[in-house]
Chemist: 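Handing you a structure now.
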Amino acid sequence: MSNVIKKLELHMNYVILDRQDSIIKKAKQKYKKPTRVDIFAEAFYDPHFFKNSAKFVDYQILKSSISRSIEMNGHVEILFPIFSRKPISPIKNCGYYADLAEIATILRMASLSKILHNTLGKRVIFTVLADGKKYNRACKTPDFIVDEYQKSLQFWIDYLKLDDLVSIVDYERRVLASICEIRLCHLCLVYRILTYI
């Protein structure tokens, strides 16, 4: 198993070098003097990582979002809903822990995160919104299986030392935290208004 992981890590390093060069070249073909944000945005149209970006991602909106994120947070966080749960199927898998396909996906996200960091000069992190809890009411997957699956994904992120590039967050917990944050901001605003009346 350790040999397989080493090969995956070597491949990740190769992808970073290969795709980063290709992305920079494409940006230079498109612009005479591409900015870091131009190169960053170009990465989202690289077919190695994304197949249909041109149809669904507006270039100017993407660049504006990147610039706004840096201005507000000093870094870029990419939210990516994936890794719902492990379907229980003896034909497809043994158990409900992350397998090599998911480990390879994590490494792929880490590759892109590293390329984006290199081109932008700012921290870039992929936050995976693991949405198993969102679907398990329909699929009847017990909560403990979803939790164990998410823990196994986190295990591989920690084992491969990718926690500065990729993080796993439960979708529903993230949404709930965001709602609580918005409500808290709203309550603070109401309090400020009331204190001035």
Chemist: Could you tell me how the ring of Tyr45 sits relative to the ring of Tyr59: parallel (under 30°), tilted (30 to 60°) or perpendicular (over 60°)?
Modeler: tilted

Chemist: State, with a plain yes or no, whether a side-chain heavy atom of Leu112 is found less than 4.5 Å away from one of Phe126.
Modeler: yes

Chemist: Give, for atom CD1 of Ile115 and atom CG of Asp46, the distance between the pair rounded to the nearest 0.5 Å.
Modeler: 7.0 Å

Chemist: Please test Arg68 against Glu71 for salt bridge (Lys or Arg N to Asp or Glu O under 4.0 Å), starting from the C-alpha separation and ending with a verdict.
Modeler: CA-CA 5 Å; Arg68 194 166 59 249; Glu71 188 181 322; over 6 Å; no

Chemist: With hydrophobic residues grouped by side-chain heavy-atom distances under 4.5 Å, do Leu153 and Leu165 end up in a single group?
Modeler: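 Shared cluster, yes.
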
Chemist: Answer yes or no: are there more than 12 heavy-atom neighbours, outside Phe155 itself, under 6.0 Å from its atom CZ?
Modeler: yes

Chemist: Distance from Thr127 atom OG1 to Ile168 atom CD1, nearest 0.5 Å?
Modeler: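 Here the rounded value is 9.0 Å.
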
Chemist: So, for Ile61 and Asp58, which heavy atoms are closest and what is the spacing to 0.1 Å?
Modeler: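 Looking at all heavy atoms of both residues, the shortest contact is N-OD1, 2.9 Å.
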
Chemist: Got Val128 and Ser167 here, is their nearest side-chain heavy-atom distance under 4.5 Å?
Modeler: no

Chemist: Between Val76 and Lys122, is there a side-chain heavy-atom distance shorter than 4.5 Å?
Modeler: no

Chemist: When you measure from the side chain of Thr119 to the backbone of Arg36, do you find a donor-acceptor pair of N or O atoms at a distance under 3.5 Å?
Modeler: no

Chemist: If you define the side chain from C-beta out and look only at heavy atoms, does anything of Val15 sit under 4.5 Å from Leu107?
Modeler: no

Chemist: Between Ser64 and Gln60, is there a donor-acceptor pair closer than 3.5 Å when you use the side chain of the first and the backbone of the second?
Modeler: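 Such a contact is absent between Ser64 side chain and Gln60 backbone.
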
Chemist: Is it true that Ile16 and Val166 fall in one hydrophobic cluster, defined by side-chain heavy atoms closer than 4.5 Å?
Modeler: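 Result: yes, single cluster for both.
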
Chemist: Would you compute the distance between atom CG of Asp38 and atom NZ of Lys63 and round it to the nearest 0.5 angstrom?
Modeler: 4.0 Å

Chemist: Checking side-chain hydrogen bond (donor to acceptor under 3.5 Å, both in side chains) against Glu102, which of Trp156, Tyr97, Tyr149 comes through?
Modeler: Tyr149

Chemist: Show me, pair by pair, the donor-acceptor contacts under 3.5 angstrom made by side chains of residues 20-31, not counting sequence neighbours?
Modeler:
from  : atom 1 : to     : atom 2 : distance (Å)
Gln20 : OE1    : Asn118 : ND2    : 2.9
Ser22 : OG     : Arg19  : NH2    : 3.3
Lys30 : NZ     : Glu42  : OE1    : 3.1

Chemist: Indicate yes or no: at least one non-hydrogen side-chain atom of Phe44 is less than 4.5 angstrom from one of Leu62.
Modeler: yes

Chemist: Out of curiosity, Leu8 CG to Arg108 CZ, how far, rounded to the nearest 0.5 Å?
Modeler: 12.5 Å

Chemist: CD1/Ile39 to CG/Leu120 distance, rounded to the nearest 0.5 angstrom?
Modeler: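 Output value for this atom pair is 9.5 Å.
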
Chemist: Taking Ser152 for its side chain and Ala98 for its backbone only, find out whether a donor-acceptor pair lies under 3.5 Å.
Modeler: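 Pair found, side chain donor or acceptor close to backbone of Ala98.
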
Chemist: Just so I know, are the side chains of Val124 and Ile78 near enough to count as touching, which here means a heavy-atom distance under 4.5 Å?
Modeler: yes

Chemist: Between Glu9 and Asn13, does any side-chain donor sit less than 3.5 Å from a side-chain acceptor?
Modeler: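 Checked: Glu9/Asn13 side chains show no N/O donor-acceptor pair below 3.5 Å.
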
Chemist: Out of curiosity, does Ile125 fall in the hydrophobic cluster containing Val169 (side-chain heavy atoms, cut-off under 4.5 Å, transitive links)?
Modeler: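 No.
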
Chemist: When clusters are formed by joining ILVMFWY residues with side-chain heavy atoms under 4.5 Å apart, either directly or through shared neighbours, do Leu10 and Leu162 land in the same one?
Modeler: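 Per the 4.5 Å side-chain linkage, Leu10 and Leu162 are not co-clustered.
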
Chemist: Given the rule that I, L, V, M, F, W and Y join up when any side-chain heavy atoms are under 4.5 Å apart, are Phe40 and Met72 in one cluster?
Modeler: no

Chemist: Sub-3.5 Å donor-acceptor pair from the side chain of Thr105 to the main-chain atoms of Ala101, do we have one?
Modeler: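 Indeed, once roles are kept as given, a pair shorter than 3.5 Å links the two residues.
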
